[in-house]
Amino acid sequence: MSRPYLEISGLIKRYGARTILDIEELAVNRGELLAIIGPNGAGKSTLLRLIAQLEKPTAGTIRFAFVQGANAGLEIRRRLSMVFQDSLLLSGTVFDNIAYGLKVRKTPRIQIEKKVRSIAEMLGISNLLSASAGSLSGGEAQRVSIARALILEPELLLLDEPMASLDPPTKDLLLADLNRILNMLKMTVIYVTHERSEAVLLADRLAFMDKGKIIQVGPAHEVLDHPISRKIADFVGAENVFAGSIAGVSDGFLRIKLGDIEILAVNKPGQSGAVWVSIRPEHVTVVPADRCQANGIQNNFKGTIENLMNLGVFYRVVINCGFPISAFITKQLVDSMGLRVKQVVYASFKAERVHIIPRESEECAYG
Amino acid sequence: MDLIVEGFKQAIILIITGDELVVEATLRSLETSGLAVAVAILIGIPFGLLLALTRFPGRNIVIGMVNAGMGLPPVVVGLFVAALLWRSGLLGFLGLMYTIPAMIIAQVIIALPLVTGFTVSAIQQLNPKLKYQILALGATRSQMLFTLIKEARLTTLAAVMAGFGAIISEVGAVMMVGGNISRQTRVLTTAIVELVGKGDFGRAMALSIILLTLTFAATYTLTHYQQRGTRL
């Protein structure tokens, strides 16, 4: 296996007595998109600034595959580029802004012209090139900011919550375009966000950060479906997280008691005692009680619908089965089944969809 | 009112006829204040950038002193510079008293806190992440500083205007260290004081109008550059 593009080890950043960042190790492979998610103040942006050589670490090393030794300020900065949450456009025209990084590299004017027009076309802002940067909408400004970073053909692109200031329709359009462009360019990307949906769409791997530490990192689906702590489960939208305790094994399944109720999970060795049980709402199916047929699903609970919340394409259906469980059901299915509040239904989920998190578990995991 | 109208007429006549006193005082004012503001810019803008972008112990005290310096009474500055440059003073050996360099030193001291203080606030008004963004686009440190100054030019040029306006129009310091010596250190302001003392109000008014016109012309030129490409 080839050497990672970026390797971080023992990285610490302190401001005064406060430790903002403390990362034992993190590697980013060439061509992958690593999304870093986590609550505000987790240290995500600080990590990006350190990688971009914009701040110096208190201790530790950030090693790039192309650099021998741990320091090469401008050389590194000229191989990467960064987009921030605010578009941070300079005064002047859109053209001036997109061309800025090439101008500071003393690129010949004729090449600048050609590259600016090409990247502007890619981002759908060709018509704005002569517009004043101050006259742009938030979405347009962020497209210019992304174009300004991409025109440099960086080996590593750092994106620090680039969608956070945009309204949902503008964000959706830009996200779709960004996804298309990043897939086309195949560059190495680190994408910081606190929006799960952005991470799910873009990421090859996902890292969860909290209090300056990387708590879990792995393939995106792995972190989403198998969070290693209650906090990560909550953050990645598991929604159905319950305290329980392992009661034993029957018919090859693990029996977990949630109060008076028992649910079945896939039996894996070494699990015992107090646990958190998490079931993602998209893995829960709902069927009206009068239509329920034997479905072979291990976990089947009768309950009444307490709430139906329209989320646009989906409904969040909250069912009280003795414990409250949420399910995401498409609008079409809600309509076809005629689901309504107070209706008696069956909520079902497969044993393999039950994820077990040992209680008190906050240790780091790498994958 | 008559005095103003009469002074205005006389000013035009004096300018057209190339009156020796007018030409001498005007050129010397421009030379002295122009050089002084240039020196203040060369020192004040980098110093302002340093104060705005770095953190060090005692930084707030230095910024406080700069801000206090923005209101320095020129006559007090003149007195201190004179005390240093007098033959018996600490820098008396330089023989600068009653010379143009002495006047420039005094005017630099008056303008420097204005240029520095305005630069600090100009840079601090920018988004703090802007310097990171500029560096992350591959700029060198000096390219980053130049871009920040360009982005903050509205306030930075206000600093230059304030500095130039303050020193071309002050009289206390240049009188004290320059002495208003004809053909050597006489500038517009000291000449006006002298003419008023002699009761020559017409010429004094003429010089005042020239001084006002010069100040306005310089400020207008800077305003023109300042407002070019503003967003609103």
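Note: hydrogens, waters and symmetry copies are ignored here, and every other heavy atom, side chains too, is used. The sequence lines fix the lettering, A, B, ..., with proteins before strands; numbering per chain opens at 1.
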Give a yes or no on whether [X] atom [atom1] has more than 12 heavy-atom contacts from other residues, nucleotides or ligands under 6.0 Å away.
| X | atom1 | result |
| --- | --- | --- |
| B:F216 | CZ | no |
| B:F56 | CZ | yes |
| A:E121 | CD | no |
| A:Y5 | OH | yes |

What part of [X] gets within 4.5 angstrom of chain B, counting heavy atoms only: side chain, backbone, both, or neither?
| X | value |
| --- | --- |
| A:L54 | both |
| A:T93 | neither |
| A:F84 | both |
| A:S87 | backbone |

Heavy-atom distance under 4.5 Å to chain A: side chain of B:I134, backbone, both or neither?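 For B:I134, backbone and side chain are both near chain A.
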Is [X] salt-bridged to [Y], going by a charged N under 4.0 Å from an acidic O?
| X | Y | answer |
| --- | --- | --- |
| A:R63 | A:E7 | no |
| A:R143 | A:D177 | yes |
| A:R79 | A:E75 | yes |

So which residue, A:R49, A:R148, A:M82, ends up with the most heavy-atom pairs under 4.5 Å with chain B?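 Of A:R49, A:R148, A:M82, A:R148 has the most heavy-atom pairs under 4.5 Å with chain B.
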So which of A:E55, A:R78, A:K103 has the largest heavy-atom pair count under 4.5 angstrom toward chain B?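 Between A:E55, A:R78, A:K103, the count favours A:R78.
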Pick out which of A:L157, A:L6, A:L33, A:L159 makes a side chain to side chain contact (heavy atoms under 4.5 Å, CB included) with A:I190.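 Checked A:L157, A:L6, A:L33, A:L159 against A:I190; only one passes side chain to side chain contact (heavy atoms under 4.5 Å, CB included): A:L6.
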Chain A contact residues among residues 23-36 of chain B, heavy-atom distance under 4.5 Å: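 Result: none.
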Side chains of B:V160 and B:F118: closer than 4.5 Å at any heavy-atom pair?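 Side-chain contact under 4.5 Å: no.
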